[in-house]
Number of protein chains: 2
Amino acid sequence: MSPIDLGSELLNYIVQQHVQPGERLPSISELQDETHLGISISKVREQLEVARALGLVEVRSKTGTRLKEYDFAPAVRLSLLFALARDLHYFELFSQLRNHLEVAFWHEACALLQEEDKAFMRACIAAARAKLNDRWIRIPHQEHRAFHLTVFKRLDNPFVTGLLEAYWDAYDAAELNQYADYDYLQKVWDYHERILDAICAGDYEQARQEFIDHTRLLRYQPRVQEMQQKVVEGS
Amino acid sequence: MSPIDLGSELLNYIVQQHVQPGERLPSISELQDETHLGISISKVREQLEVARALGLVEVRSKTGTRLKEYDFAPAVRLSLLFALARDLHYFELFSQLRNHLEVAFWHEACALLQEEDKAFMRACIAAARAKLNDRWIRIPHQEHRAFHLTVFKRLDNPFVTGLLEAYWDAYDAAELNQYADYDYLQKVWDYHERILDAICAGDYEQARQEFIDHTRLLRYQPRVQEMQQKVVEGS
DNA sequence: TTATACTATTTATCTGATGAATATACTTTA
DNA sequence: TAAAGTATATTCATCAGATAAATAGTATAA
C-alpha cells in the first residue's frame, strides 16, 4: 500500500499495481469492474481524461490505455497555457523562472555535455543561419529550442527539462516569435555562437554571462501589449 | 478569438468568455447546450474534472462551478505526487530543482522582504523551537514550510511559488519528515536562525551561503531507500 | 427573532446504447 | 508463396437519460 493517496482510483491503481511504462492497462470496461476500480464507466473516463491531460497515459482505440514514460512537461504546459491564454503577462513571469533556472543549472549542465551535444548545437546554429538568409523560410524557432534544451539534456532531470520544454511550447503557442525581425535574430544567433564557443573552450562562466546578456535581448513587453491589442480588437 | 487552443471546449470557453476568478460558470446542463459548448454531459464532466484536478475551477453542488484565482501549484503537485508514488527517487531530482531555484532567486527575493515578513520568520523559528522542546508535539513541519515560502512570497511569481509549494506538499505527502531526529532538527533551526540574522543584517549573500549549507544537511537518499523497503514489504 | 423544515436547483454517479477506430485474422489474387 | 485487400471483433468515443446526494434559499413555526 502506497502511503501517497492521489485522490483518484485510477492513479492509485497504477501505482499499487506497479504498472510499468509501456505496459497496457485493463480496458475501460474491465477497469470499471469491482475487481479493479469498482467505479462506473463515466468515472473511469473522467479519471482517464485527467491522466491523459497530464501526459501520464496514452489512450487509443483497440490498443487500450498504455502507461507512458514519466514526463513533467504536459502538466506544466497545460496549466501555463491556460494562464497565458487568459493573460499574456504571465509569460514574463514564467520567463523569469526559465532564465533563473538556466543560470542556476548552467555550470552543472555544461560539465555534463558530450562532444556529440556540442556538435549538435553547432549544427543548430548553422541551420538557423541558413534559414535566416533564406527569407522564404520561417523563423528558426525549432533550432532555437533545440539549442537551449540540449544544454540541459544531460542533467537527466525530468523536472528541469519539463519546465524548459513547457517554456518553449508556450513561446510557440502564444506565437511570440512572429515579432522577431532580421536584425534581432542575427544578434540572437551571434550570442548563441559565443555561448557555444565559450562552452567548448571550457569557460562555462563566460558562456553563462553571454546567456544572461542574450536574455536581455528579449523584450517581450511591447510584443505582449501588441498581442493584447490584437486580442481585444479581434473579439 | 484567442490564438491559443487548449484542446478543451471548456477551457477555451473560459478564456474566450473572459470569465473572471470568483465568477460562476453556467451549470453543467447549460454548458452542455448548443449555445455554450455543444458537447454531451459526460464530455463536460470529463473536462470539468481536468480543470478541477489542475485547480483551475472549484465545483460544488448547488453553487455550481467557480473559476479560481490562477494557481500553478496543483498541476505541479499532481504530476509530482504521481511520480513520487511510483518511485521516491524523483524526490531527490525535484529537490535539486528546488534548491537551485531558491538560490537563484535568493537576492531578488530578500530585497523585497518587508519588516512584517522578517517578524513572521522570527516567529516561525520561535514556534519551531518550542515544538522541538516539547517531545509530545510533532515535528515543526508547518513552521519549516512557512519560513521558506515567506522568503519568496514578495516575488509575487505564481510559478516560483507554485513549484515551492508543491515541493512542500510532496515532502508532506511522502512523509519524509518522519525520519528527522532531535539533533538533526536542532541543527536545521540553528541554520534558519543564522539565515534570518544575515537577511536582517542585509547580508543576503551570507544568508544564501547558510541556506546552501543547510540544504547539505538533508540526506534523503538513505531515507528514500528505507521508504522503498517499507513499500516492498508492505505490498 | 431564531431555529427548523421544505423545496428547487445543481452536482454526483450509474446504466445502457450507438458510432468510430483499429488490431487481428482471414481471404483473395498475382 | 507472398502481398494486398477485406471482415470482424474488440475497444474507445460520445451521447442520452435516470436516480441519488448535496445545498442554498425560502417558508414556516415557536
Side-chain angles (χ1 to χ4, degrees), chain A residues 5-17 19-69 71 74-75 77-78 82, chain B residues 5-69 71 74-75 78 82:
Chain A
D5 178 26
L6 298 165
S8 155
E9 285 86 356
L10 175 68
L11 295 183
N12 286 337
Y13 174 89
I14 292 174
V15 171
Q16 288 173 13
Q17 297 296 315
V19 181
Q20 295 304 306
E23 270 183 32
R24 189 178 169 284
L25 270 70
S27 73
I28 293 183
S29 44
E30 283 174 329
L31 282 172
Q32 178 206 0
D33 196 277
E34 280 295 332
T35 59
H36 295 98
L37 306 189
I39 55 180
S40 74
I41 285 188
S42 329
K43 218 89 215 11
V44 173
R45 298 207 92 261
E46 285 172 20
Q47 299 188 359
L48 269 178
E49 185 62 19
V50 172
R52 200 193 54 74
L54 292 177
L56 304 178
V57 302
E58 186 180 359
V59 44
R60 285 168 50 191
S61 285
K62 182 66 183 178
T63 316
T65 309
R66 227 168 34 86
L67 185 62
K68 296 181 76 174
E69 208 65 53
D71 187 357
R77 177 168 48 226
L78 189 50
F82 179 75
Chain B
D5 177 27
L6 298 165
S8 156
E9 285 86 354
L10 176 68
L11 295 183
N12 286 337
Y13 174 90
I14 292 173
V15 170
Q16 287 173 14
Q17 296 296 316
H18 297 97
V19 181
Q20 295 304 305
E23 270 184 31
R24 189 179 170 283
L25 270 70
S27 74
I28 292 183
S29 44
E30 283 173 328
L31 282 172
Q32 179 205 359
D33 196 277
E34 279 294 331
T35 59
H36 294 97
L37 306 189
I39 55 181
S40 73
I41 284 190
S42 326
K43 216 89 213 16
V44 174
R45 298 208 90 261
E46 284 172 20
Q47 300 188 1
L48 268 177
E49 186 62 19
V50 171
R52 199 193 54 74
L54 292 177
L56 304 178
V57 302
E58 186 178 359
V59 43
R60 285 168 49 190
S61 286
K62 182 66 182 177
T63 316
T65 309
R66 226 167 34 86
L67 184 63
K68 296 180 74 174
E69 207 67 52
D71 187 357
L78 189 49
F82 179 75

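Proteins come first, then strands; the chains are lettered A, B, ... in the order of their sequence lines, and each starts at number 1.
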Whole-Å gap separating [atom2] ([N]) and [atom1] ([X]):
X        : N       : atom1 : atom2 : value
Ile28(A) : dA21(C) : CD1   : P     : 16 Å
Arg66(B) : dA24(D) : CZ    : P     : 12 Å
Glu49(A) : dC12(D) : CD    : P     : 14 Å
Glu58(B) : dT23(D) : CD    : P     : 12 Å
Arg45(A) : dC12(D) : CZ    : C1'   : 6 Å
Ile41(A) : dA13(D) : CD1   : C1'   : 11 Å
Leu25(A) : dT11(D) : CG    : P     : 13 Å
Arg24(B) : dG25(D) : CZ    : P     : 11 Å

Quick check: closest heavy atoms across [X] and [Y], and the distance to 0.1 Å?
X        : Y        : answer
Pro21(A) : Glu69(A) : CB-OE1, 3.5 Å
Thr65(B) : Val57(B) : CG2-CB, 3.7 Å
Leu67(B) : Leu56(B) : CD1-O, 3.3 Å
Gly7(B)  : Asp5(B)  : N-OD1, 3.1 Å

Can you tell which of [options] lies closest to the side chain of [X]?
X        : options                   : answer
Ser40(B) : dA12(C), dA16(D), dC14(C) : dA16(D)
Thr63(B) : dA24(D), dT11(C), dC15(D) : dA24(D)
Ser27(A) : dA12(C), dC15(D), dT11(D) : dT11(D)

N-O pairing of Arg45(B) and Glu46(A) below 4.0 Å:
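Here Arg45(B) pairs with Glu46(A) in a salt bridge, since their nearest N and O are under 4.0 Å apart.
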
With a 4.0 Å cutoff (strictly under), does any side-chain N or O of Gln32(B) reach OP1 or OP2 of dA16(D)?
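Yes, Gln32(B) has a side-chain N/O under 4.0 Å of OP1/OP2 on dA16(D).
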
What nucleic acid atoms does Arg60(A) come within less than 4.0 Å of, heavy atoms only: base, sugar-phosphate, or nothing?
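Arg60(A): backbone/sugar contact only, no base atoms under 4.0 Å.
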
What's Ser42(A) touching, base or sugar-phosphate or nothing? Going by heavy atoms closer than 4.0 Å.
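Contact class for Ser42(A): base.
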
